[in-house]
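What follows is a short report on a single structure.
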Amino acid sequence: MALSKFLGLFLIHIALLSSSCFAADPFVFYDFEVSYITASPLGVPQQVIAINNKFPGPTINSTTNNNVVINVRNKLDESLLLHWSGIQQRRSSWQDGLPGTNCPIPPKWNWTYQFQVKDQIGSFFYFPSLHFQRAAGGFGGFIINNRDIIPIPFGSPDGDITILIGDWYTRNHTALRKALDAGKDLGMPDGVLINGKGPYRYNDTLVPDGIDYETIDVHPGGKTYRLRVHNVGISTSLNFRIQSHNLLLAETEGSYTVQQNYTSLDIHVGQSYSFLLTTDQNASSDYYIVASARFVNESQWKRVTGVAILRYSNSKGKAAGPLPDPPQDEYDKTFSMNQARSIRWNVSASGARPNPQGSFRYGSINVTEIFVLKNKPPVTIDGKRRTTLSGISFVNPATPIRLADQFKVKGVYKLDFPSRPLTGPPKMETSVINGTFRGFMEVILQNNDTKVQTYHLSGYAFFVVGMDYGEWSENSRGTYNKWDGIARSTTQVYPGAWTAILISLDNVGVWNLRTENLDSWYLGQETYIRVVNPE
């Protein structure tokens, strides 16, 4: 449907809403020019997506309740949307930057996003959400700092460092997209990037000469640095570790965690973590920072390893020797899951508000609606290779769902997404979950595929209350953590396993529930939850 006749009215409507919502809180402004540049992160020249000629893009730095204004000029040769992953867009889902909420920004056009980071703190990132563009870059960090009046549950760090890790192909995103459209797998990635750069040459056989690598400079003497690590990749779970250093986990996706030391942590696609790193080593040499592929044949995937350098200012030489070992759990599928279960909510810490995070007692709220969502390996529907959620492969509508609601356009989508997986043949539909405003939804994510899936929900932080291998049943609720399950926006579901989440539906809008595995998402493994205030 042509949308031009709606846009004038819609923009006036948005402007009125904006002016009424955002008064009194400070504004932060950014200008983003999104364009192609040529870069060679793995030694092969290729087209990447840059923001203001930078790859990765700049980090957005904001504080709780700031109004964030980002003017985006699209200098690509195809349409563009930027999605602010984990930013809840309280009552402003039309700023979420997804096909279900926004009209794309055409080439040579600009669009100004304006939203409030209401009642949020933490570490997030943004990325382009259309046309498989995230596989070419266009991503960057998004920080929401605490207000000065709210204490943070650790001492003020001596530095704040954003680290973007992710698998990477030397083929352009358009070539990857064509492969998926032709029914092919993408195959093994060509490497792992750390902040847009290839691996340090730790091994002359595996890493060619002349590759630019990332160096993170720190000072000795027991200084503390906050590292915000995001997996912005396509579909590979990565194990993150720093040679000879512990990683003290402090926050994930807007929730302060119980502080625990890890020698390494699995970070799945789309996930974000904050670690506190203490410079307590003797700096006899530089130290390796490693992001290596998980749940793969390690002998075949050795080159799919990102390596950067941690350099103390008094370092006595270059890093050398073998990389620190990944978890030795090839035959123990419970190691990673037990690590995930160990990540707990810090119930006594204050988040964006003065009251402790744990004052929201999610475990004592009655569930009002239940959805079991199941994914399987790709299937063929009408001659096309597609992925599904509960037997439905999602088709993005020509008119965004949010806009169709605003202007009462009929027939754009169906509010009929099933609460249990379909038993008949899979189908392609624009089928949306009908959520109840102020309801409390239980969602079971059942992964019957052979690789890890991570799921993200826009608009909310949900509570991760349980995960286990096998098929979920009613009896599985006996294992739920009803006290300090972590609140976050992206959770992993292991192959042949389930993860249960609880969602308090207090944010009006249309919210994307998707796999973050970019290939599966592109082929239809998503839906939206529509939450309307009946008043």
Side-chain angles (χ1 to χ4, degrees), residues 3 6-7 9-22 65 67-70 81-104 111-120 124 126 129-130 142 144 253-254 352 368-369 371 373 389 394 396-397 399-409 412-417 430-441 443 455-463 487-490 501-514 526-535:
L3 296 174
F6 294 144
L7 282 177
L9 282 171
F10 188 61
L11 293 175
I12 292 167
H13 179 83
I14 297 306
L16 290 171
L17 275 173
S18 299
S19 61
S20 62
C21 291
F22 298 154
N65 296 341
N67 300 298
V68 180
V69 182
I70 305 155
L81 283 173
L82 287 182
H83 172 57
W84 322 97
S85 188
I87 306 302
Q88 288 174 11
Q89 305 290 359
R90 308 296 298 181
R91 298 178 182 274
S92 60
S93 75
W94 59 85
Q95 301 288 333
D96 204 26
L98 291 161
T101 59
N102 288 74
C103 296
W111 166 259
T112 301
Y113 290 92
Q114 180 168 321
F115 52 86
Q116 187 174 27
V117 287
K118 181 74 175 163
D119 291 337
Q120 282 192 268
F124 309 96
Y126 61 85
S129 63
L130 297 180
F142 196 129
I144 309 178
E253 296 163 22
T368 58
E369 45 212 309
F371 281 81
L373 306 182
L389 207 48
F394 190 82
N396 275 302
T399 302
I401 298 163
R402 189 72 187 77
L403 209 56
D405 277 355
Q406 185 66 37
F407 293 102
K408 300 181 172 54
V409 183
V412 170
Y413 65 93
K414 296 177 181 176
L415 266 181
D416 64 351
F417 197 93
T430 309
S431 179
V432 172
I433 292 173
N434 190 9
T436 307
F437 182 54
R438 299 214 169 101
F440 198 62
M441 183 182 283
V443 176
Y455 282 93
H456 176 90
L457 176 62
S458 289
Y460 296 98
F462 50 70
F463 296 92
R488 62 186 313 165
S489 59
T490 313
I501 61 175
L502 298 175
I503 315 160
S504 176
L505 298 177
D506 61 351
N507 191 12
V508 168
V510 176
W511 306 110
N512 189 216
L513 175 60
R514 64 176 181 270
E526 65 173 323
T527 184
Y528 284 79
I529 301 178
R530 179 177 175 270
V531 181
V532 173
N533 183 345
E535 297 167 15

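Note that the numbering runs from 1 along the sequence shown for the chain. Remember, predicted model here, so these are calculated numbers, not experimental data.
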Charged N-O contact under 4.0 Å between Asp405 and Arg530
yes
Of all heavy-atom pairs between [X] and [Y], which one has the smallest distance, and what is that distance?
X: Asp96; Y: Gln89; value: OD1-CG, 3.7 Å
X: Cys103; Y: Leu81; value: O-CD2, 3.4 Å
X: Val531; Y: Phe437; value: CG1-CA, 3.7 Å
X: Pro104; Y: Leu130; value: CB-CD1, 3.7 Å
X: Ser93; Y: Trp511; value: CB-CH2, 3.2 Å
X: Asp119; Y: Asn65; value: N-OD1, 2.9 Å

So, does Glu253 use its side chain to make a donor-acceptor pair with the main chain of Thr490 at under 3.5 Å?
yes
Just by distance, do the side chain of Gln95 and the backbone of Gln114 share a donor-acceptor pair under 3.5 Å?
yes
Could you pull out all residues at least two apart from Phe142 that satisfy ring-ring contact (aromatic ring centres under 6.0 Å, His included)?
none
So, using ring-ring contact (aromatic ring centres under 6.0 Å, His included) as the criterion, who are the partners of Tyr126 when residues are at least two apart?
Phe32, Trp84
Going by distance alone, is a donor N or O of one side chain under 3.5 Å from an acceptor N or O of the other, for Ser431 and Asp416?
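Yes, Asp416 and Ser431 have a side-chain donor paired with an acceptor closer than 3.5 Å.
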Taking atom CG of Leu457 and atom CD1 of Ile529, what is their separation to the nearest 0.5 Å?
5.0 Å
Interatomic spacing from CH2 in Trp111 to CG in Asn102 - rounded to 0.5 Å
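Atom-to-atom, Trp111:CH2 and Asn102:CG are 6.5 Å apart.
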